[in-house]
Amino acid sequence: MVRKWIEAMRLRTLPVSISGVLAGTALAIWQERFSIVPAALCLLFAVSAQITSNFANEYYDYKNGMDRKGRDGFRRGVTEGDITPQAMRSATFVMLALAALTGCALLYIGEWWLLPVGICILLAALAYSAGPYPLSHHGLGDLAVVIFFGIVPVTLTYWLQTGGWSEIQTVLTTSVAVGLLAANVLVVNNYRDMDDDKAVGKNTTVVIFGRKMMGNAYLLSGILAMALMTPLWISLPLWSLIVPLIYLLLHILTWRRLVRNTGSALNSVLGITARNILIFSLMLLLLQIVALC
């Protein structure tokens, strides 16, 4: 049973939430303002919020008839009968409570406006799959990922450690870049599930625009992300360009696997895409540490 719950957490996708915090921390180190407590709390909040969203996605997609048994994607515990709907619903709100408690702890470090921001983040975690207008069912999932896995975690992690908005242009461009890389994980997921999603009226961007266009969007998102971070690259030593070059190499190789495969073969591509963004964020973090030394 423990294994079923671990599968429901979708561990292969968790690097997406981790990477935003790592990138924000890298920018704080760049400003010589690293602080471990807010960094750790931001990491716990981000991961618990993503698991909340993943659990909610399983429960509400099952409830709304959006899943079927034997699908090509990762095994859905509720749909396959491994986990009861009631248990998944309870687990969703347990994780939501954990994220909320972590957010409250961050209030002691930050300011009052973090409260409404935190509420919006947690509501978005549910609104991705639930409510009268689920974001993932209307082609808005990709935009939500850019905002809540890129812009929000990078900027808030940076602010909570530095206490200010110096170099805001670089912080914002980096946050959008991380969001674009994170959205590519969703692109792979929806690329794989296009036929199933179309059959049940789930209008993801891949259903709306087709596999060919979104495959090209996947490639361009990675290239654009590295270009958006130009303000950061030019502020660092020339040798630091090895980071975007390594990422782009991994990205192009993964894109080729994306467009050449279908069905369950894309599960590994999804995991590799998430791994790539984690590798990028770790390299960015290491780069800042080395540059500081």
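Note that the coordinates shown come from a computational prediction; the quantities given were computed from them, not determined experimentally. All values below come from the heavy atoms of this structure, side chains included, with hydrogens, waters and symmetry mates left out.
Residue-environment remark: CD1 (Ile242) stays at or below the threshold of 12 foreign heavy atoms within 6.0 Å. Atom CD of Gln169 has 12 or fewer neighbouring heavy atoms from other residues, nucleotides or ligands inside a 6.0 Å radius.
Ion pairing between Lys202 and Asp61 holds under the 4.0 Å rule for side-chain N and carboxylate O.
Results of the side-chain hydrogen bond (donor to acceptor under 3.5 Å, both in side chains) test with Arg192 over Asn267, Asn261, Thr262, Asp197 single out Asn267 as the only residue that passes.
Legend: residues meeting side-chain hydrogen bond (donor to acceptor under 3.5 Å, both in side chains) with Ser17, ordered by chain and number and at least two apart, are Gln50. Remark: Tyr133 pairs with His138 by the ring-ring contact (aromatic ring centres under 6.0 Å, His included) rule, at least two apart or across chains.
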List the steps and the verdict of side chain to side chain donor-acceptor pair (under 3.5 Å) for Ser136 and Asn57. CA-CA 9 Å; Ser136 62; Asn57 182 247; 4.7 Å; no
Hey, mind stepping through Asn190 and Val207 against side-chain contact (heavy atoms from CB on, under 4.5 Å) and telling me if it holds? CA-CA 8 Å; Asn190 294 339; Val207 171; over 6 Å; no
Would you please test Arg12 and Val185 for side-chain contact (heavy atoms from CB on, under 4.5 Å) and show each step? CA-CA 10 Å; Arg12 291 190 187 186; Val185 176; over 6 Å; no
Begin from the C-alpha positions of Asn216 and Lys212 and carry the test side-chain contact (heavy atoms from CB on, under 4.5 Å) through to its verdict. CA-CA 6 Å; Asn216 291 334; Lys212 183 176 181 179; 4.2 Å; yes
Could you go through Leu14 and Asn54, starting from their C-alpha distance and side-chain angles, then the distance that decides it, and tell me whether this counts as side-chain contact (heavy atoms from CB on, under 4.5 Å)? CA-CA 10 Å; Leu14 293 186; Asn54 289 344; 4.2 Å; yes
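Here the CG-CG distance, from Leu43 to Leu22, works out to 7.0 Å after rounding to the nearest 0.5 Å. Going from atom CG of Leu284 over to atom CD1 of Ile277 covers 11.0 Å, rounded to the nearest 0.5 Å. In this structure, Cys42 SG and Trp159 CH2 are separated by 10.0 Å, a value rounded to the nearest 0.5 Å. If you take CG on Leu286 and OG on Ser240, they are separated by 12.0 Å, rounding to the nearest 0.5 Å. Once rounded to the nearest 0.5 Å, the distance linking CG of Leu253 with CD1 of Ile272 reads 9.5 Å. In this structure, Leu41 CG and Thr157 OG1 are separated by 10.5 Å, a value rounded to the nearest 0.5 Å.
Using a 4.5 Å heavy-atom cutoff, the side chains of Met9 and Val47 are not in contact. A heavy-atom distance below 4.5 Å is not found between the side chains of Tyr62 and Arg89. With contacts defined as side-chain heavy-atom distances shorter than 4.5 Å, the pair Thr155/Trp165 qualifies. With contacts defined as side-chain heavy-atom distances shorter than 4.5 Å, the pair Asp193/Val206 does not qualify. Looking at heavy atoms from C-beta onward, Phe45 lies in side-chain contact with Leu122 at the 4.5 angstrom threshold. Between Arg211 and Leu258, every side-chain heavy-atom pair lies at or beyond the 4.5 Å cut-off. Using a 4.5 Å cut-off on side-chain heavy atoms (C-beta onward), Trp239 and Val290 make contact. The shortest distance between side-chain heavy atoms of Tyr247 and Ile279 does not fall below 4.5 Å.
The two residues Thr52 and Ala125 make their nearest non-hydrogen contact at CG2-CB, 4.5 Å. Counting all heavy atoms, side chain and backbone alike, Leu181 lies closest to Ala225 at CD2-CB, 3.6 Å. Taking every heavy atom of both residues into account, Ala91 and Trp5 meet most closely at CB-CZ3, 3.4 Å. Here the shortest heavy-atom pairing between Tyr158 and Ala28 reads CD1-N, 3.7 Å. The minimum heavy-atom distance linking Thr173 with Pro231 is given by the pair OG1-CG, 4.2 Å. Taking each heavy atom of Phe34 and Gln161 in turn, the nearest pair found is CD1-OE1, 3.2 Å.
Transitive grouping of hydrophobic side chains (ILVMFWY, heavy atoms separated by less than 4.5 Å) brings Val243 and Leu238 into a common cluster. Clustering ILVMFWY residues whenever any of their side-chain heavy atoms sit less than 4.5 angstrom apart, transitively, puts Leu249 in a cluster other than the one holding Val269. Note on Tyr108 and Val117: separate hydrophobic clusters, where clusters join Ile, Leu, Val, Met, Phe, Trp and Tyr whose side-chain heavy atoms are under 4.5 Å apart, directly or indirectly. Note on Met283 and Leu245: separate hydrophobic clusters, where clusters join Ile, Leu, Val, Met, Phe, Trp and Tyr whose side-chain heavy atoms are under 4.5 Å apart, directly or indirectly. Taking hydrophobic clusters as Ile, Leu, Val, Met, Phe, Trp and Tyr residues chained together by side-chain heavy-atom distances below 4.5 Å, Leu44 does not share a cluster with Leu160.
For the pair Ser281 (side chain) and Leu278 (backbone), a donor-acceptor distance under 3.5 Å is absent.
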Return all side-chain donor-acceptor pairs below 3.5 angstrom for residues 92-103, not counting sequence neighbours, or 'none' if the list is empty.
| residue | atom | partner | partner atom | Å |
| --- | --- | --- | --- | --- |
| Thr92 | OG1 | Met88 | O | 2.8 |
| Thr102 | OG1 | Leu98 | O | 2.9 |

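Classification of the His251-Tyr218 ring pair by plane angle, with boundaries at 30° and 60°, yields parallel.
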